[in-house]
Amino acid sequence: MADYQNLLIQEEDGILTIIINREDKLNALNLATVEEIRNIFQRVYDEKEIKGVILTGAGEKAFVAGADISEISELNEMNARKFAENGQEVFSLIENCHKPVIAAVNGYALGGGCELAMACHIRVATKNAKFAQPEVNLGIIPGYGGTQRLTQLVGKGKALELMMTADMIGAEEARALGLVNHVVEDREALTSRTREMLEKIMGKAPLAVGMIVNCVNAYFSGDENGYQTEANSFSNCCKSEDFKEGTAAFLEKRPAEFKGE
Ligand code: COA
């Protein structure tokens with residue numbers, strides 16, 4: 001396995017847990033960390049043994065408190081576009097992953113941290129988690145996909161408000177807005193709830209799960225017709241072994257055993 005300086009990686013029962021591990025900087029995303037996330041997601045795409053991913057932050061205080069401001073402060077007009085495009089590319093890898101990815105948000109999810117959580121398929125947060133896109137305080141805007149994904153998740157009016165005011169909201173408010181799927185009491189409950197949810201999804205037909213990701217993302221893609229993507233994917237499902245197994249298992253009144261084929 002590659003040697004990661006800024007991530008802790010745990011692998012158990014097909015679940016890969018990625019822990020952003022810069023606790024002294026509240027897990028702020030420097031460029032090295034973003035590259036390590038790219039690298040680990042390439043493994044998630046390639047390795048059959050990995051069936052699902054949990055993404056979380058080290059420690060009790062933060063999921064990720066943003067992109068690393070010491071690096072941001074050095075940006076100029078020339079390299080800032082590349083900086084944003086690079087982060088967008090890595091976060092798109094997460095969003096488009098054909099295996100389920102759940103963000104376990106354990107504290108501050110600010111700026112790039114909120115954007116990272118939003119790139120995951122599902123978000124579960126502890127009740128002390130806090131969300132914000134505070135970039136306007138620094139004279140910038142979200143650059144890792146936040147203007148797009150926040151709008152998709154909470155709608156235009158609230159997204160504009162959150163980004164223009166930089167207001168920090170708690171987990172319950174984030175849940176009410178649709179930014180967070182579930183809120184749990186503490187870290188222990190966060191671990192068990194995300195694991196339970198991931199195991200449930202991992203018990204479903206893997207190809208179908210991946211195609212759902214693809215079809216839902218097609219809704220937001222400017223150049224795809226989502227209905228066509230859905231019909232094509234539906235047709236592709238029907239040539240899979242898992243389709244034969246799923247329907248046969250139902251008719252034979254037994255649990256299905258999917259192989260992802
Ligand atoms: N980039 C770089 N370093 C960061 C950081 C970030 N986004 N967020 C926190 N840190 C660092 C702090 O500089 C500090 O480092 P130091 O001990 O070497 O001085 C350390 O993490 C702890 O943060 P601190 O500010 O002392 O903790 P706090 O409990 O007083 O405040 C926050 C917590 C999250 C409210 C505060 O750190 C903060 O506002 N962070 C920036 C959030 C932000 O604007 N993110 C968007 C960036 S685009």
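Ligands are counted one by one from 1 in listed order, and the atoms in each one are counted from 1 as well. Keep in mind that the numbers below use all heavy atoms, side chains included, and drop hydrogens, waters and symmetry copies. This is a predicted model, so every value here is computed, not measured.
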- Message: Tell me the protein heavy atom at minimum distance from atom 45 (N) of ligand 1, and give that distance in Å.
- Response: Ala65 O, 3.0 Å
- Task: Identify the protein heavy atom lying closest to atom 44 (O) of ligand 1, giving its residue, its atom name and the separation to 0.1 Å.
- Result: Pro134 CG, 3.6 Å
- Item | Any Gly112 heavy atom less than 4.0 Å from ligand 1 | no
- Are a donor atom and an acceptor atom from the side chains of Asp68 and Ser70 found within less than 3.5 Å of each other? yes
- Message: For Ala67, is there any backbone N or O sitting under 3.5 Å from a side-chain donor or acceptor partner on Asn30?
- Response: no
- Message: Students should be able to answer this: which protein heavy-atom is nearest to atom 33 (C) of ligand 1, and at what distance?
- Response: Leu26 CD1, 3.6 Å
- Query: Going by atom types only, do Asn21 and Tyr4 share a side-chain donor-acceptor pair under 3.5 Å?
  - Reply: no
- Message: Going by a strict under-4.0 Å cutoff (protein heavy atoms only), does atom 7 (N) of ligand 1 have a neighbour on the protein?
- Response: yes
- Query: Just by distance, do the side chain of Glu36 and the backbone of Asn6 share a donor-acceptor pair under 3.5 Å?
  - Reply: yes
- Item | Distance flag for atom 31 (O) of ligand 1, protein heavy atom under 4.0 Å | no
- So, Arg38 and Thr33: side-chain donor and acceptor under 3.5 Å apart, yes or no? no
- Message: Taking distance alone, with N or O pairs closer than 3.5 Å, would you say Ala67 contacts ligand 1?
- Response: yes
- So between Lys61, Glu115, Glu71, Met168, whose heavy atom ends up nearest atom 28 (P) of ligand 1? Lys61
- Query: When rounded to the nearest 0.5 angstrom, what is the spacing between CG in Asn27 and OH in Tyr108?
  - Reply: 13.0 Å
- Task: Take atom 24 (P) of ligand 1 and look for protein heavy atoms under 4.0 Å from it; say yes if you find one, no if not.
- Result: no
- Query: Looking at ligand 1, does Asp24 have a heavy atom less than 4.0 Å from it?
  - Reply: yes
- Rounded to the nearest 0.5 Å, the CZ atom of Phe131 sits from the CZ atom of Arg123 at a distance of 8.5 Å
- Under-4.0 Å salt bridge between Glu115 and Arg149: no
- Give a yes or no answer on whether the side chain of His182 reaches the backbone of Val124 with a donor-acceptor pair at less than 3.5 Å. no
- Does the protein put any heavy atom within less than 4.0 Å of atom 37 (O) of ligand 1? yes
- Item | Proximity of Phe258 and Phe243 rings by center, below 6.0 Å | no
- Note on the structure: among protein heavy atoms, the one nearest atom 1 (N) of ligand 1 is Ile69 N, 2.9 Å
- Query: Does some non-hydrogen atom of the protein lie less than 4.0 angstrom from atom 13 (O) of ligand 1?
  - Reply: no
- Tell me, which protein residue and heavy-atom name are nearest atom 10 (N) of ligand 1, and how many Å apart are they? Lys25 O, 3.8 Å
- Note on the structure: Of all protein heavy atoms, the one nearest atom 5 (C) of ligand 1 is Ala28 CB, 4.0 Å
- Note on the structure: shortest atom 39 (O) of ligand 1-to-protein heavy-atom contact is with Leu110 CD1, 4.8 Å
- Note on the structure: So CD1 of Ile212 and CG of Leu207: to nearest 0.5 Å the spacing works out to 11.5 Å
- Could you pull out, from Ile72, Asp68, Asn137, the option with a heavy atom nearest to atom 48 (S) of ligand 1? Ile72
